[in-house]
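Remember, it's 1-based here, ligands and their atoms both numbered in the order they're listed.
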Amino acid sequence: MGKDLPAVKTPNHVAIIMDGNGRWAKERGLPRLEGHRRGGEAIRRAMETCREFGIRYLTVFAFSVENWKRPKDEIDGLMKLLVRSINHELPDLIRRKVRLRTIGCIDDLPSKTLASLRKAIDATAGFDEWNLIMALNYGSRSEVARAARQYAEAAIRGDEDTASCDWTRFSRYLDTADIPDPDLLIRTSGETRLSNFLLLQCAYAEMFFSPVFWPDFSREHFVEAIESFRSRERRYGLTGEQVRGQPSIMQF
Ligand code: FPP
């Protein structure tokens, strides 16, 4: 656990919108892909900080459903970078017992990207303490639409009852079915939007917006976000007095 913070509440799940790779590169006269490559290194740093502070789930928004509209060169470069990074990181993921998981429609990714992803997902499937979740070809609205379709199909089969559809039942059909909700959502680069990322899962997440471009996001920046999280009172619709008087009613 981190040494420079007291042992108080720490997020269990941090989700990150890694923004600013392109601007980081542009400022330095470098190709956008160099920004993405350095962004990959920042993911590695973030994982180390998660381990240090006991944050068991890290979800990173690596490729959105909207990102297919980017120039073909950038998409191809990102997909190749993904293959290289996964293949390179896999031994370390195994050594550190990190389970790699994905959310989004990965079946639509290029075959080489999909193959290296599947290999890493299978090779780490037995781990459960540390989780790196990559959102790939992910968008919240399409995830919810897919879940609704699957729920409806299950209801037609008689496996679900439409009258008892509530959040607990419905959320089992989301890509995040067995992943706890994010406690803290970080977006870098100064933008303050959610951009179709984990919209329902972040219903009670604390938000932290950092002005730093993602490739520059360091351990110190992450610690600042964790400290900010620790200073907040999460009320889930209750009053402050209720929360402070009876913390046990906060079990959701
Ligand atoms: C947003 O920055 C970033 C992305 C769309 C891609 C994120 C991908 C990575 C960090 C690399 C993933 C690689 C591995 C190895 C997992 P932007 O391009 O929108 O930046 P801009 O807003 O400054 O143009």
Quiz item: Between N21, V60, T188, which one has a non-hydrogen atom sitting closest to atom 9 (C) of ligand 1?
Solution: N21
Quiz item: Would you call E34-R28 a salt bridge at under 4.0 Å N-O?
Solution: no
Quiz prompt | Spatial distance of atom CD (E206) from atom OG (S228) [nearest 0.5 Å] | solution = 8.0 Å
Exercise. Say whether R70 and ligand 1 are in contact under the criterion: heavy-atom distance to a ligand atom below 4.0 Å.
Key: yes
Quiz prompt | Atoms in ligand 1 flagged as close to I43, the criterion being non-hydrogen separation under 4.0 Å | solution = 16 (C)
Quiz item: Relative to ligand 1, is E66 under 4.0 angstrom through side chain, backbone, both or neither, heavy atoms considered?
Solution: neither
Self-check item: Protein heavy-atom partner closest to atom 11 (C) of ligand 1 - residue, atom, separation in Å
Solution: H36 O, 3.5 Å
Self-check item: Location of contacts on I86 toward ligand 1, heavy atoms closer than 4.0 Å
Solution: neither
Quiz item: Under the salt bridge (charged side-chain N to carboxylate O under 4.0 Å, His left out) test, which residues partner D166, sequence neighbours left out?
Solution: none
Self-check item: Contacting atoms of ligand 1, where contact means under 4.0 angstrom from a heavy atom of G22
Solution: 17 (P), 18 (O), 20 (O), 21 (P), 23 (O), 24 (O)
Quiz item: Can you list every pair that meets side chain to side chain donor-acceptor pair (under 3.5 Å) and has a residue in residues 122-136, with sequence neighbours left out?
Solution: R101-N131
Practice problem: Would you kindly specify which portion of R32 sits under 4.0 Å from ligand 1, judged on non-hydrogen atoms: side chain, backbone, both or neither? | Solution: side chain
Quiz item: Taking distance alone, with no angle check, do D19 and ligand 1 share an N/O pair under 3.5 Å?
Solution: yes
Practice problem: Treat each ILVMFWY residue as a node, draw an edge where side-chain heavy atoms are under 4.5 Å apart, and state whether F208 and M47 are in one component. | Solution: yes
Quiz item: F61 vs Y138 aromatic rings, parallel, tilted or perpendicular, using cut-offs 30° and 60°?
Solution: perpendicular
Quiz item: In Å and rounded to the nearest 0.5 Å, what is the CG to NE2 distance from L93 to H88?
Solution: 11.0 Å
Practice problem: Distance to 0.1 Å, residue and atom name: give those for the protein heavy atom nearest to atom 6 (C) of ligand 1. | Solution: A62 O, 3.4 Å
Quiz item: Can you tell me how far CD1 of I133 sits from CZ of R99, rounded to the nearest 0.5 angstrom?
Solution: 9.0 Å
Exercise. Return the residue, atom name and 0.1 Å-rounded distance of the protein heavy atom closest to atom 14 (C) of ligand 1.
Key: L82 CD1, 3.8 Å
Quiz item: Nearest protein heavy atom to atom 16 (C) of ligand 1, by residue and atom, and its distance?
Solution: M134 CE, 3.2 Å
Quiz item: When you check the gap from the basic side-chain N to the acidic O, do E89 and R44 get nearer than 4.0 Å?
Solution: yes
Self-check item: Numbering as shown, the atoms of ligand 1 that approach S85 to under 4.0 Å (heavy-atom distance)
Solution: 15 (C)
Quiz item: Does a salt bridge link D107 with R118, judged by any charged N lying under 4.0 Å from a carboxylate O?
Solution: yes
Quiz prompt | Protein residue, atom and distance nearest to atom 5 (C) of ligand 1, heavy-atom basis | solution = N67 OD1, 3.6 Å
Practice problem: Give the residue and atom name of whichever protein heavy atom lies nearest to atom 3 (C) of ligand 1, and the separation in Å to one decimal. | Solution: M18 O, 3.2 Å
